[in-house]
Amino acid sequence: MTGTNDSKHYDFIVVGGGSAGCAVTAGLIEAGLKVALVEAGPDYGAYTDNHWPADLTDARELANSHDWNYKAGRWIFQRARVMGGCSSHNGCIAAVGHRSDYDNWRLPGWTGNDVDPLFKQVTEAMRVRAYQPSEAGPFHAKCVDAARNLGWHIASDLCDLDGNEGFGLETVNIVGTTRWNSAFAYLDAVRHRPELTIFDQALVNYFHEDNSGVTLTLTRNGQPRALSGDQLVLSAGVYGTPEILQRSGVGDPALLRSLDIGVQVPSARVGTNLHDHPMVHADRRIGAGLQSWLNEASRTGFVPEEQTLGKAVSSLASDGLFDLHLFPVFASTQTSRLYGRVHVEVACMTPKSRGSLQITSKDPQAMSSINHNYLGDDEGHDLAVLKDGVALANRLLDEPALSSLLGESLTDTTTEAGIRKHVEHYYHPVGTCAMGLEDDDVCDGRGRVRGLQRVSVADASLMPQVPRANTNLPAVMIGMQIAEFLTA
Ligand SMILES: Cc1cc2nc3c(=O)[nH]c(=O)nc-3n(C[C@H](O)[C@H](O)[C@H](O)COP(=O)(O)OP(=O)(O)OC[C@H]3O[C@@H](n4cnc5c(N)ncnc54)[C@H](O)[C@@H]3O)c2cc1C
């Protein structure tokens, strides 16, 4: 914690220093406001202080040392518990989706034209760049050759609101070999300001709003603490934000009563509309030649496991726009479950299935009930898109530029049963506190929680529909836009 005076009254309290939370905090500080930023995980300080653990800054592999350990059945839903949130342990793939994704939200202030300039600022702050052909590792260079041979358009910029079908080297927020998280991108510029107090390792339980402000109840070092402010911004992420709302009595009255929580605001849709891009893979065993080539390259240089991405249009796409991501990946360490094989991961980018999250207790340490309902949509849309995608992934793997380096297939995902058995998630859950224009939407079009006067949401839970993109840059964009709204 850089500041201990929690008897102060803040203009804003921001809960969650994640992808969006760092951006919204910086925007509020730049506007001259007094802000408390409360984060459950540790804050390792500015990038230049050099205190960040190596796994969080090494962009070659996903990091898993700072995780909330969300689980349901066979599923693990990774979420980072550290300053920077999931941007501090994620894959650093930088994408924005298609302009029409935002037009489809049908909300003033969030159209493609509205978000375009914000994304330009986000990509600059997050230091987004495309891998250059000279940086492509041996496997990914062959993937580009195979895609070209299949007649796929080879794209040089995959982080483009107007781009459609294409295959190419990925755009990433990696500086040198460093995962450039949103704390480095946004928080470091305002850390030294006297208006900012950071409370790290502080688990927020609930809040209460009244005419004089908002009081936040949290636990730090085992001690209950309270903070007070004029306004509250919830940036605790797609699981954390609805959990805090529900514990605070904002949610489905039947759920709240069953847990003996007083109803502050009846809002039945808190925690609903949970969705992600469902994902499945086609695979092949790695041939001996490619494996020794990869081992040697990994020993001698920076060889990211993921470097290429394809956007494709399935037969289900009614708007003619890409609804599939395909990305080849291998493992560089022998301990990885991927070692010895390559996957082409296939994700449905326009999912129709919807699930939900409900807390199971007043206790902030208790595991919530999370049901993502993957492939659960009545029309079978998500499954059908994946089936098309798997067929394309197999064509890519069977193209001689790749097949000459690979062995046999190990997992059958060509059938509906195979896809259902092996479906995974793409780490992009959104939508549990969605904004919209209807009275029963959890938040209004400016992120304000309906039924409250002083509480807003700024994170991926606000998205009514997931864009056709990895969700880090969209979450950061939301943080910037909500800060604009709050300071206008
Ligand atoms: C393993 C993994 C890989 C991914 N790869 C990519 C990728 O390559 N590219 C991409 O674009 N996206 C990727 N994503 C998705 C992307 O990182 C997320 O969509 C994005 O970071 C979400 O931002 P957010 O601000 O909504 O939430 P988060 O970044 O999750 O931030 C929420 C913050 O709130 C804190 N918090 C939660 N509850 C509480 C509480 N009760 N009290 C105090 N603090 C709390 C958390 O600790 C966290 O710091 C990946 C995600 C994961 C998990």
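Each ligand, and each atom within it, is numbered from 1 in the order the structure gives. Not measured: the values here are computed from a predicted model. Positions are given from 1, in the same order as the sequence printed here.
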- Identify the closest protein heavy atom to atom 21 (O) of ligand 1: which residue and atom is it, and at what distance? Ser19 OG, 2.6 Å
- 4.0 Å heavy-atom contact, Pro364 with ligand 1: no
- Query: Any N or O on Ala20 sitting closer than 3.5 Å to an N or O of ligand 1?
  - Reply: yes
- Message: Using a 4.0 Å cutoff against the non-hydrogen atoms of Ser235, which atoms of ligand 1 qualify?
- Response: 32 (C), 33 (C), 34 (O)
- Query: Does ligand 1 have any atom sitting under 4.0 Å from a heavy atom of Val238?
  - Reply: no
- Query: For ligand 1, which atoms sit closer than 4.0 Å to a heavy atom of Ala80?
  - Reply: 46 (C), 47 (O), 48 (C), 49 (O)
- Query: For Phe330 and His343, what are the C-alpha separation, side-chain angles and deciding distance, and is it a ring pair (Phe, Tyr, Trp, His ring centres under 6.0 Å)?
  - Reply: CA-CA 6 Å; Phe330 65 87; His343 280 191; over 10 Å; no
- Could you tell me whether the side chain of Gln121 and the main chain of Leu118 form a donor-acceptor pair under 3.5 Å? no
- Task: Give the residue, atom name and distance (to 0.1 Å) of the protein heavy atom nearest atom 52 (C) of ligand 1.
- Result: Tyr427 CB, 3.5 Å
- From the candidates Gly16, Gly18, Ala475, Ala23, the one that places a heavy atom nearest atom 31 (O) of ligand 1: Gly18
- Task: Could you tell me whether some N/O pair between Gly91 and ligand 1 is separated by less than 3.5 angstrom?
- Result: yes
- Message: Could you identify the single nearest non-hydrogen protein atom to atom 47 (O) of ligand 1 and state the distance to 0.1 Å?
- Response: Glu39 OE2, 2.6 Å
- Note on the structure: If we number the atoms of ligand 1 from 1 as shown, the ones under 4.0 Å from a heavy atom of Gln78 are 53 (C)
- Message: Among all the protein's non-hydrogen atoms, which is closest to atom 7 (C) of ligand 1, and how far away is it?
- Response: Ile93 N, 3.6 Å
- Does the ring centre of Tyr102 sit less than 6.0 Å away from the ring centre of Phe119? yes
- Message: List ligand 1 atoms under 4.0 Å from Arg79, heavy atoms only on the residue side.
- Response: 51 (C), 53 (C)
- Message: Just by distance, no angles: are the side chains of Thr111 and Asp114 close enough, under 3.5 Å, to form a donor-acceptor pair?
- Response: yes
- Query: Going by the atom numbers of ligand 1, which of them fall below 4.0 Å from some non-hydrogen atom of Thr471?
  - Reply: 10 (C), 11 (O), 12 (N), 15 (C), 16 (C), 18 (C), 19 (O)
- Note on the structure: Value for CH2 (Trp52) from OG1 (Thr178), rounded to nearest 0.5 Å, stands at 11.5 Å
- Note on the structure: If we number the atoms of ligand 1 from 1 as shown, the ones under 4.0 Å from a heavy atom of Arg81 are 47 (O)
- Item | Check: Asp382/Ser353 side-chain N/O donor and acceptor closer than 3.5 Å | yes
- Message: When you measure from the heavy atoms of Pro429 to every atom of ligand 1, does any distance fall below 4.0 Å?
- Response: no
- For ligand 1, indicate whether the residue Met83 contacts it via side chain, backbone, both or neither (heavy-atom separation under 4.0 Å). neither
- Note on the structure: Closest heavy-atom pair, Met463 versus Ala434, reported as atoms and distance to 0.1 Å, is O-CB, 4.1 Å
- Message: Within the structure, is a non-hydrogen atom of Val82 found at a distance of less than 4.0 Å from ligand 1?
- Response: yes
- Task: Report yes or no: does a heavy atom of Cys92 sit under 4.0 Å from some atom of ligand 1?
- Result: yes
- Ignoring hydrogens, just give me the one of Leu473, Asn90, Val204, Asp276 whose non-hydrogen atom is nearest atom 42 (N) of ligand 1. Val204
- Task: Determine the interplanar angle of the Tyr47 and Phe184 rings, folded into 0 to 90°, and report it as parallel if under 30°, tilted if 30 to 60°, perpendicular if over 60°.
- Result: tilted
- Note on the structure: In this structure, atom 11 (O) of ligand 1 is nearest to the protein heavy atom Asn472 N, 2.8 Å
- Message: What's the separation between atom OH in Tyr186 and atom OG in Ser19, rounded to the nearest 0.5 Å?
- Response: 10.5 Å
- Message: I'd like to check which ligand 1 atoms, numbered from 1 as shown, lie under 4.0 Å from a non-hydrogen atom of Ile244.
- Response: 41 (N)
- Short version for Ser182: what comes under 4.0 Å of ligand 1, heavy atoms counted, is neither
- Query: Are any of the N/O atoms in Cys86 less than 3.5 Å from those in ligand 1?
  - Reply: yes
- Query: Against heavy atoms of Ala202, which atoms of ligand 1 measure under 4.0 Å?
  - Reply: 42 (N), 43 (C)
- Task: Specify the protein heavy atom at minimum distance from atom 26 (O) of ligand 1: its residue, its atom name, and the distance to 0.1 Å.
- Result: Ala460 N, 2.9 Å
- Task: On the 0 to 90° scale, with breaks at 30° and 60°, tag the His425-His372 ring pair as parallel, tilted or perpendicular.
- Result: parallel
- Output, in order, the C-alpha distance, side-chain angles, deciding distance and verdict of side-chain contact (heavy atoms from CB on, under 4.5 Å) for Tyr426 and Asn470. CA-CA 8 Å; Tyr426 197 1; Asn470 312 60; 3.4 Å; yes
- Shortest non-hydrogen separation from Val24 to Ala458 and the atoms involved: CG2-CB, 4.3 Å
- Which is closest to atom 27 (O) of ligand 1 in terms of heavy atoms, Gly237, Gly17, Ala236? Gly237
- Shortest protein contact, atom 10 (C) of ligand 1 (heavy atom only): Asn470 CB, 3.2 Å
- Item | Test of proximity, Gly21 against ligand 1: N or O pairs below 3.5 Å | no
- Task: Check whether NZ of the Lys or CZ of the Arg Arg79 lies under 6.0 Å from the centre of the six-membered ring of Trp68 and within 45 degrees of that ring's axis.
- Result: no
- Message: So, 4.0 Å and heavy atoms of Trp68: is ligand 1 close enough to count as a contact?
- Response: yes
- At their closest point, which heavy atom of Asp260 faces which heavy atom of Lys362, and how far apart are they? O-CE, 2.9 Å
- Can you tell me the protein heavy atom closest to atom 44 (N) of ligand 1 and the distance? Ala40 N, 3.1 Å
- Query: Between His89 and ligand 1, does any nitrogen or oxygen pair lie at a separation below 3.5 Å?
  - Reply: no
- Tyr44 versus His66, side-chain donor and acceptor atoms under 3.5 Å: yes
- Contact check, side chains of Ile198 and Leu187, non-hydrogen atoms, under 4.5 Å: yes
- Query: How far apart are the C-alpha atoms of Arg247 and Asn205, what are their side-chain angles, what is the distance that settles it, and do they pass the side-chain hydrogen bond (donor to acceptor under 3.5 Å, both in side chains) test?
  - Reply: CA-CA 7 Å; Arg247 286 198 295 270; Asn205 190 350; 3.1 Å; yes
- Is there a side-chain contact between Leu28 and Thr487 (heavy atoms, below 4.5 Å)? yes
